[in-house]
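Quantities reported herein were computed from a predicted structural model and do not represent experimental measurements. Side-chain atoms are counted along with the backbone in the values below, which use heavy atoms only and exclude waters and symmetry mates. So you know, we letter chains A, B, ... as the sequences are listed, proteins then strands, and number each from 1.
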2 protein chains.
Amino acid sequence: MKYCSISEASAKFNIPESTLRYYEKKGLLPLIERDEAGRRLFSEDQIALLQTVLYLKNTHMPISHIKQYIEWVVEGDDTIELRLEMLKKHKQAVLAEIALMSGSLKGIDEKIARYIKRTQERKEKNNGKEEL
Amino acid sequence: MKYCSISEASAKFNIPESTLRYYEKKGLLPLIERDEAGRRLFSEDQIALLQTVLYLKNTHMPISHIKQYIEWVVEGDDTIELRLEMLKKHKQAVLAEIALMSGSLKGIDEKIARYIKRTQERKEKNNGKEEL
DNA sequence: TGTTGACTTAAACCATGGTTTAAGTCGTAT
DNA sequence: ATACGACTTAAACCATGGTTTAAGTCAACA
């Protein structure tokens, strides 16, 4: 199983084929080969690269930056420092975003707690009414 | 300090005035009063509500859902259960998103580790060359 | 041999979440 | 009086990240 079709790649990552075509067009999936009929053939290396693209996408790196990263991958070993700095910087951004979300979730959790308290108070009131 | 202007609200949350106007138009900030000159006056309650809106926004709740939540707040105590269920459901979505991000960050961290290793190897090679 | 089904492309279309612009209204300090 | 700065509105504009459509190609199976 050396190469896979777009439908197989789509199934493997549970992502629409249209999105894979869009990513290729945007430069996130470079050098995808074709068979004689012009159909995409994803190599194992490209599947691995797609996994990386999805990691970056899932952590909200903009497509323009992912594209830059991929261009550096294609350029080869001379860009390793650049890639490293990019990923380190991105990691800090992701940690900041997770911290923001966690902080906001804390605020939401407090609202949940208050709503639970209030629903219990309302139930108690209604019990009182039933007993009248 | 019972009411504040749009510029004060903007400064308090570090959010553009245009966004506050946009949120009001979208129904996220209901019942904002005006002074005689037609300028917005944010009450303390509305500042508190804005804080909640921002918690929801920071955790990626779509504006249409935030609007629904706010409508329920305005309707009053009869919607507490609805609000509670909404926030509970949203909390699960946020936890799932944080988990996805954390998992992807792990993949990114592994790449960072490999790049660090490779940069060290390259440095060692270069040292070897220098010594020739 | 012809008809599916899987694929291709370019281009149009879409939703989301704002931001910017243009034109106008006040309050206040000079 | 006037000029400035803070505000108002409606409408136009924008970036991002896709999705959908239309028209066509090809392989394989009946």
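- In this structure a side-chain-to-backbone donor-acceptor pair under 3.5 Å is missing from B:Gln51 to A:Gly107.
- With contacts defined as side-chain heavy-atom distances shorter than 4.5 Å, the pair A:Lys2/A:Ser43 does not qualify.
- Taking side-chain N and O atoms only, B:Tyr22 has no distance below 4.0 Å to OP1 or OP2 of C:dT20.
- Cluster membership check: B:Val94 does not share its hydrophobic cluster with B:Leu100, using side-chain heavy-atom separations under 4.5 Å among Ile, Leu, Val, Met, Phe, Trp and Tyr.
- We find that CD of A:Glu24 is positioned 16 Å from C1' of D:dG18, with the value rounded to whole Å.
- A:Glu33 has its CD atom 17 Å from the P atom of C:dC7, to the nearest Å.
- Judged by closest nucleotide on DNA chain D, B:Ile6 is the one of B:Ile6 and A:Glu36 placed further toward the 5' end.
- Counting non-hydrogen atoms of other residues, nucleotides and ligands closer than 6.0 Å to CG of A:Asn14 gives a total of 12 or fewer.
- In this entry the distance linking CD of B:Glu8 with P of D:dA6 reads 12 Å, nearest Å.
- Set against D:dT8, D:dG18, D:dG17, the side chain of A:Pro62 has D:dG17 as its closest nucleotide.
- Distances shown here put every side-chain N or O of B:Arg40 at or beyond 4.0 Å from the OP1 or OP2 atom of D:dC7.
- Taking every side-chain heavy atom of A:Glu17 into account, C:dC7 is the closest of D:dT9, C:dT20, C:dC7.
- Dashed line: the shortest gap from a side-chain N or O of B:Thr19 to OP1 or OP2 of C:dT19 is under 4.0 Å.
- The NZ-P distance, from B:Lys57 to C:dT16, rounds to 17 Å in whole Å.
- The phosphate of D:dA6 has neither OP1 nor OP2 within less than 4.0 Å of any side-chain N or O from B:Arg21.
- The phosphate of D:dG5 has neither OP1 nor OP2 within less than 4.0 Å of any side-chain N or O from B:Arg39.
- Judged purely by distance below 3.5 Å, without hydrogens or angles, the side chains of B:Glu81 and A:Tyr115 never pair a donor atom with an acceptor atom.
- The phosphate of D:dT16 has neither OP1 nor OP2 within less than 4.0 Å of any side-chain N or O from A:Ser64.
- Counting only N and O atoms by type, the side chains of B:Glu44 and B:Tyr3 include no donor and acceptor under 3.5 Å apart.
- We find that CD1 of B:Ile63 is positioned 10 Å from P of C:dT19, with the value rounded to whole Å.
- Atom pair A:Lys26:NZ and C:dA11:P shows a separation of 14 Å (rounding to whole Å applied).
- In this entry the distance linking NE2 of B:His60 with P of C:dG18 reads 10 Å, nearest Å.
- In this entry the distance linking CD1 of B:Ile32 with C1' of D:dT9 reads 16 Å, nearest Å.
- Connection of B:Leu49 to B:Leu54 is established within a shared hydrophobic cluster, with ILVMFWY side chains joined at heavy-atom distances below 4.5 Å, either directly or through further cluster members.
- Looking at which nucleotide of DNA chain D each of A:Lys25 and A:Ala37 is closest to, the 5′-most match is held by A:Lys25.
- In this structure, A:Ser102 and B:Ile98 have side chains that are in contact, with non-hydrogen atoms separated by less than 4.5 Å.
- Residue B:Ser5 has no polar side-chain atom (N or O) positioned under 4.0 Å from OP1 or OP2 of D:dA6.
- The stretch residues 89-104 of chain A has no heavy atom under 4.0 angstrom from DNA chain D at all.
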